[in-house]
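Let me give you the structure first, and then I'll get to my questions.
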Amino acid sequence: MATRRTKRKAVTKELTPDDIEATVRRSSRNALGPKRLQYSPEDSTAETPSKKSRAKRHVAKSSQNKKPKDEADVENSDVEHTFDGHGGLSLYELERLENIRQNQAFLSSINLVQATEELKQLSRPKPSQRGLMRQAAVKEVLPARKSLRLQNKEAEVLTLPPEPRDTLIHERSSQVKKPHGPLTMGPVNMEEGNELPSQFVKLCCEDSAKERKMALDLKEYRAALKNMTITEEKVAKVVKDRIFSAAFHPCSSSLLMAAGDKWGKVGLWKLGAEWGDDGVLLFEPHTRPVGCIAFSSARPSQLLSLSYDGSLRCMDVEKAVFDDVYDIEDGLKTFDFLSHDCSTLVVGNWYGDVSIVDRRTAGNSHESLHSLDPKTLRCVSVHPLQKQYFAVAESKVVSIYDSRCLKKTKSQAVSQLRGHSLSISSAYFSPCTGNRVLTSCMDNHIRIYDTSAMTTNPPLLTTIRHDMHTGRWLSKLSAVWDPKREDCFVVGSMMKPRRVQVFHESGQPQHSFTDNENLSTVLSIAAFHPTNNALLGGNASGRLHVFSS
DNA sequence: ATTGTATGGACCC
DNA sequence: TGGGTCCCCTACAA
């Protein structure tokens with residue numbers, strides 16, 4: 001079976017449409033016309049590409065099953081023909097060529113080219129081995145067994161052990177929740193007792209250059225994006241499981257990234273570093289998905305991470321601990337910094353409550369404000385200038401609240417962004433002025449609203465179709481602004497070949513990041529660097545990908 | 001209210 | 001080396 005497949009590939013490769021067309025012209029039997037021979041490389045739109053491609057693959061398969069004999073003939077006689085060298089063609093040969101041509105036409109008509117492209121993707125080279133090592137399967141060494149009968153002993157009366165209550169949690173994580181902090185910052189992928197590498201600590205404390213560069217005009221921006229590439233060194237396994245959140249450290253001298261995964265792990269990776277596993281240090285501050293992480297722009301040595309397990313912690317590299325920031329029973333979903341100094345936060349849980357957390361005061365001194373529909377809060381985003389405003393992605397509407405006017409329940413929204421027909425997965429204020437809000441919605445649309453006037457119902461500026469159906473196994477896609485400018489954003493994509501797309505707020509596509517060798521998975525979590533020309537993308541197996549210039 | 005299903009990736013045998 | 005299997009706590013449609 002395998003050999004047959006490779007043979008078939010060889011056939012389609014060797015017979016280019018030009019070859020066939022040429023021979024057919026020579027044989028002057030142009031029954032179907034050369035136009036039919038043209039390949040139609042389809043630029044599949046966002047609309048259900050997966051369904052389409054699956055159907056296509058199926059068609060390709062069944063046709064392959066139907067025609068193995070013909071194709072074998074084609075291949076054999078083709079070799080023969082190569083060594084023939086005569087221009088005059090016998091009737092048999094003409095017939096054969098016509099067969100080849102018809103087969104080729106049929107195959108092109110079912111988009112074999114695209115199908116083989118997809119097959120290439122399916123039989124892609126193995127994923128990057130950089131970063132965290134695959135764990136060798138722990139094989140339990142059992143004592144040699146000998147039956148009681150052979151030992152001439154009486155049979156035991158066996159009772160089954162009780163079934164564990166929640167197998168999922170018990171199997172996959174040692175505890176339901178980590179104890180209260182501060183927890184020492186011991187990398188789990190290093191020998192126990194080892195100190196953090198000093199170069200790593202130094203880098204984490206490095207601040208970004210604060211002077212704001214002039215934003216490039218769009219043409220220059222596109223050129224800069226085009227210049228950003230990925231290589232083998234720029235892919236690494238940073239956490240063990242699927243990435244739920246990721247962020248760049250603000251320093252610009254090197255690329256340092258953090259990623260949080262499904263089982264509470266946080267991986268830190270410096271591109272090209274010597275420490276840990278290819279520059280990766282792995283920590284375990286939580287036990288459930290790390291829904292949101294962000295470095296403090298005021299104190300770059302601090303990384304805040306939030307988990308569904310109900311804990312919000314602050315990794316302080318200088319102190320080498322994880323401090324508690326906020327804690328509830330479970331169900332923390334997302335947060336954003338409220339003040340410029342990053343000392344206060346807006347924290348949202350999946351029951352629909354929003355809390356204002358002040359890190360300078362001890363304990364959970366928070367206000368609970370909302371009784372929304374349960375389990376509908378997906379995202380919070382603070383206005384970059386008017387810090388009292390924050391946007392909350394509720395089920396089918398984004399509400400903007402004023403943190404100074406919050407009540408325990410039924411707080412009045414300042415503005416509401418309407419028009420979403422399914423649940424909204426994210427909503428973000430534009431990074432420089434806050435004059436725009438960018439939303440991603442399960443109704444397969446990315447929307448941009450004009451919030452400059454902050455009226456009751458800010459106008460919808462742009463709607464972009466984008467396939468958001470990632471299914472159960474992938475993190476949801478979110479459109480995220482480039483923090484370097486006011487008007488462009490990045491979003492992962494389900495399209496094949498795999499890609500990450502950048503759009504202007506007008507809906508104009510600016511660039512698609514692709515790479516045959518180093519990008520072959522969906523990068524659900526994408527983010528631009530705050531100052532550098534660099535982009536990160538996280539996939540479902542804990543691998544980070546970097547495009548940079 | 002309950003049930004079914006879509007969906008990607010890689011690990012492991 | 002390739003295909004079977006697992007992952008799973010989600011959103012939506014029926």
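The structure displayed is predicted, hence computed values, not measured ones. Residue numbering restarts at 1 for every chain, and letters A, B, ... go by the order of the sequence lines.
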Side chain of A/W350 (C-beta onward), nearest among B/dA10, C/dT10, B/dC11: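 It is C/dT10.
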Using a 3.5 Å cut-off and no angle test, enumerate the donor-acceptor pairs between side-chain atoms of residues 538-547 of chain A and protein atoms at least two apart in sequence or in another chain.
from   : atom 1 : to     : atom 2 : distance (Å)
A/N539 : OD1    : A/S541 : N      : 2.9
A/N539 : OD1    : A/S541 : OG     : 3.3
A/N539 : OD1    : A/G542 : N      : 3.3
A/N539 : OD1    : A/R543 : N      : 3.0
A/N539 : ND2    : A/T521 : OG1    : 3.0
A/S541 : OG     : A/R543 : NH1    : 2.9
A/R543 : NE     : A/S128 : O      : 3.1
A/R543 : NH2    : A/S128 : O      : 3.1
A/H545 : ND1    : A/G537 : O      : 3.3

Any side-chain N or O of A/S541 under 4.0 Å from OP1/OP2 of B/dA10?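 It does, given that an N or O in the side chain of A/S541 lies less than 4.0 Å from OP1 or OP2 of B/dA10.
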Holding to side chain to side chain contact (heavy atoms under 4.5 Å, CB included), I want the full list of residues that pass it with A/L438, two or more places apart in sequence or in another chain.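 Side chain to side chain contact (heavy atoms under 4.5 Å, CB included) list for A/L438, sorted by chain: A/I446, A/I448, A/A479, A/W481, A/F489.
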What is the distance, rounded to the nearest whole Å, between atom CG of A/N349 and atom P of C/dC9?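 Distance, rounded to whole Å: 18 Å.
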Quick check for you: among C/dC12, C/dA11, B/dG9, whose closest atom lies nearest to any side-chain atom of A/K476?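 It is C/dA11.
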In whole angstrom, give the distance that lies between atom CG of A/D467 and atom P of B/dG8.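 Interatomic distance, CG of A/D467 to P of B/dG8: 9 Å.
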Can you check whether A/K126 has a side-chain N or O nearer than 4.0 Å to OP1 or OP2 of B/dA10?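 No.
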Expressed as a whole number of Å, how far does the P atom of C/dA14 sit from that of B/dT7?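 Going atom to atom, P in each nucleotide, I get 14 Å.
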Check the pair A/R130 / A/D277 against salt bridge (charged side-chain N to carboxylate O under 4.0 Å, His left out), numbers first and verdict last. CA-CA 8 Å; A/R130 202 172 293 277; A/D277 293 311; over 6 Å; no
Rounded to whole Å, how long is the line connecting atom CZ of A/R242 with atom P of B/dG8?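 Rounding to the nearest Å, CZ of A/R242 and P of B/dG8 are 13 Å apart.
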Is the phosphate of B/dG8 approached by A/T470 (side-chain N or O, under 4.0 Å from OP1 or OP2)?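 No, no such contact exists.
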Check: C/dT10 base within 3.5 Å donor-acceptor of A/R472 side chain: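 A donor-acceptor contact between them is present.
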How long is the line joining CG of A/L377 and P of C/dT10, in whole Å?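 Roughly 14 Å, once rounded to whole Å.
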Is any side-chain nitrogen or oxygen of A/R543 closer than 4.0 Å to OP1 or OP2 of B/dA10?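 For B/dA10, OP1 or OP2 has a side-chain N or O of A/R543 closer than 4.0 Å.
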Provide, to the nearest angstrom, the distance between the CH2 atom belonging to A/W473 and the P atom belonging to B/dT7.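 To the nearest whole Å, that distance equals 13 Å.
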Length of the CG-P vector between A/L474 and C/dA11, whole Å: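 The answer, rounded to whole Å, is 14 Å.
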When you check the gap from the basic side-chain N to the acidic O, do A/R313 and A/D324 get nearer than 4.0 Å?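 Salt bridge present between A/R313 and A/D324.
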Looking at C/dC12, C/dT10, B/dC11, which one has an atom nearest to any side-chain atom of A/M442?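 Looking only at side-chain atoms, A/M442 lies closest to C/dC12.
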Whether A/K396 contacts C/dC12 is assessed here as follows: a side-chain N or O lying under 4.0 Å from the phosphate OP1 or OP2. Is that the case?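 For C/dC12, neither OP1 nor OP2 has a side-chain N or O of A/K396 closer than 4.0 Å.
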Can you tell me which nucleotide in C/dC12, C/dT10, B/dA10 comes closest to the side chain of A/N539?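 So the nucleotide nearest the side chain must be B/dA10.
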Basic-acidic side-chain contact under 4.0 Å: A/D443, A/K396: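 Looking at A/D443 and A/K396, the cut-off is not met.
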If you check every side-chain atom of A/R378, which of B/dG9, C/dA11, B/dC11 has the closest atom?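 Of B/dG9, C/dA11, B/dC11, C/dA11 is nearest to the side chain of A/R378.
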Rounded off to whole Å, could you give me the CG-to-C1' distance for the A/N444 and C/dC12 pair?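 Distance check: A/N444 CG to C/dC12 C1' gives 12 Å.
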Let me spell it out: for each of A/P289 and A/D443, pick the nucleotide of DNA chain C with the closest heavy atom. Which residue's pick is nearer the 5' end?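 Looking at the nearest nucleotide for each, A/P289 comes out on the 5' side.
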Check the distance between B/dC11's C1' and A/Q129's CD and give it to me in whole angstrom.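 After rounding, the gap between these two atoms is 11 Å.
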